[in-house]
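Whatever order the structure lists ligands and atoms in, that order sets their numbers, starting from 1.
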Amino acid sequence: MVTGAKGMLGTDATALLEGRGHDVVGVDLGDLELTDAAAVKAALGDVDVVLNCAAWTAVDDAEEREDDARVANATIPQVLAEAAAATGTRLVHISTDYVFAGDATSPYAEDAPMAPRSAYGRTKAAGETAVREGLPDAHLIVRTAWLYGAHGGCFPKTIARVAAERGGLSVVDDQVGQPTWTRDVADLVARLVEADAPAGTYHATSGGETSWFGFAQRVVEAAGLDPAIVTATDSAAFPRPAPRPAYSVLGHGALERIGVAAIGDWEERWSQASGEVLATP
Ligand SMILES: NC(=O)c1ccc[n+]([C@@H]2O[C@H](COP(=O)([O-])OP(=O)(O)OC[C@H]3O[C@@H](n4cnc5c(N)ncnc54)[C@H](OP(=O)(O)O)[C@@H]3O)[C@@H](O)[C@H]2O)c1
């Protein structure tokens, strides 16, 4: 079962898992009330694995509506974990770099302490804790970051559109992370499940690192424009309700320890993904 099946990651995950021969049931808002413990338990009856992609992902809105964000990002994972414990189902729960403070200078290990700085991050951290406590032996928490994909609004699509419309743009150079393709996350989740990976926390981000400015240059290039039209600025020029992590680079030691290949370098992955991602409005 894939929850949040119509979201950016859920859409790719559903297609990829079906392509690998898995029998997938996708649920999204309106299909199954994921806060209803009895309904979720009944729905998980004969499900081997549930992949939870459902989430409140509006990072800025969460500052004003933390209680609503908490329902999607913490209550639902708790209900899923408790139902999965009762039905013998494994749970793959998708989480985020926002559980960290974002002020490190070397990649965050999977067991680095969580210290969220935003409402969104707090609710996602609470979701992780609920999953670890509710299903200690049968969960995979898969953190990702800086996602882009064909089936949703995302940074590369915005940058390509603005670059074409305005002929130039400035992008922040003081936030560093790992641009990551939803299809690569879906593929890694499939490989973890198929390998029967030990319960625990894994990082599903591309290798290497760049700033949003660096990524925007590669996006503009892929859109057939001159990367020199992108200029660097800093976060002070773009005040937002929720603080953004300055450093969101995640380490991949846990994957290495179990012999599951991490996602490749972000630039190589973007060169594979860009045609498909930018072709979809
Ligand atoms: N996007 C990123 O850069 C990023 C970075 C790090 C981690 N993540 C994590 O990756 C996962 C997938 O994110 P995404 O980018 O694919 O997000 P998305 O496109 O917003 O997808 C989330 C899906 O969950 C659905 N949903 C929201 N509330 C729900 C509820 N109460 N019950 C059932 N479904 C609900 C949404 O429906 P509606 O659209 O109708 O609300 C949407 O279809 C999330 O766990 C997110 O925290 C994302």
Identify whether the distance between the nearest side-chain nitrogen and carboxylate oxygen of [X] and [Y] falls below 4.0 Å.
X      : Y      : result
Arg218 : Glu221 : yes
Asp187 : Arg183 : no
Glu66  : Arg70  : yes
Asp60  : Arg244 : yes

### Task
Say whether Asp28, considering both its backbone and side-chain N or O atoms, lies within less than 3.5 Å of an N or O atom on ligand 1.
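Checking ligand 1 against Asp28, an N or O pair does fall under 3.5 Å apart.
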
### Query
Below 3.5 angstrom, do we get any N/O pair linking Leu147 and ligand 1?
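Yes, at least one N or O pair falls under 3.5 Å.
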
#### Entry: Non-hydrogen protein atom less than 4.0 angstrom from atom 31 (N) of ligand 1
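Protein heavy atoms within 4.0 Å of atom 31 (N) of ligand 1 - there is at least one.
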
Within the 4.5 Å heavy-atom criterion, are [X] and [Y] side-chain neighbours or not?
X      : Y      : value
Lys157 : Val277 : yes
Thr105 : Tyr247 : no
Asp12  : Val185 : no

Interfacing atoms of ligand 1 (cut-off 4.0 Å, heavy-atom, [X]):
X      : answer
Thr57  : 13 (O), 17 (O), 18 (P), 20 (O), 46 (C)
Lys6   : 43 (O)
Thr96  : 6 (C), 7 (C)
Gly4   : 23 (C), 24 (O)
Leu34  : 32 (N), 33 (C)
Lys124 : 44 (C), 45 (O), 46 (C), 47 (O)
Leu9   : 12 (C), 16 (O)

### Message
Judged on heavy-atom distance to atom 9 (C) of ligand 1, which of Ile76, Val99, Ile94 sits nearest?
### Response
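Heavy atom nearest to atom 9 (C) of ligand 1 belongs to Ile94.
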
### Query
Which one of Val27, Asp12, Thr144, Leu29 has a non-hydrogen atom at the shortest distance from atom 35 (C) of ligand 1?
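Of the listed residues, Leu29 has the closest heavy atom.
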
### Query
In this structure, are over 12 heavy atoms from other groups packed under 6.0 Å from Asp103 atom CG?
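Check passes, neighbour count above 12.
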
May I ask whether [X] has any heavy atom positioned less than 4.0 angstrom from an atom of ligand 1?
X      : value
Ser95  : yes
Ala145 : yes
Tyr98  : no

### Message
Just to verify, which of His93, Arg132, Glu128 counts as forming a side chain to side chain contact (heavy atoms under 4.5 Å, CB included) with His139?
### Response
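Going through the options one by one, the only one that passes is Arg132.
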
### Query
Can you list the residues that meet the side chain to side chain donor-acceptor pair (under 3.5 Å) rule with Asp67, with sequence neighbours excluded?
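If we apply the side chain to side chain donor-acceptor pair (under 3.5 Å) test to Asp67, skipping adjacent residues, there are no hits.
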
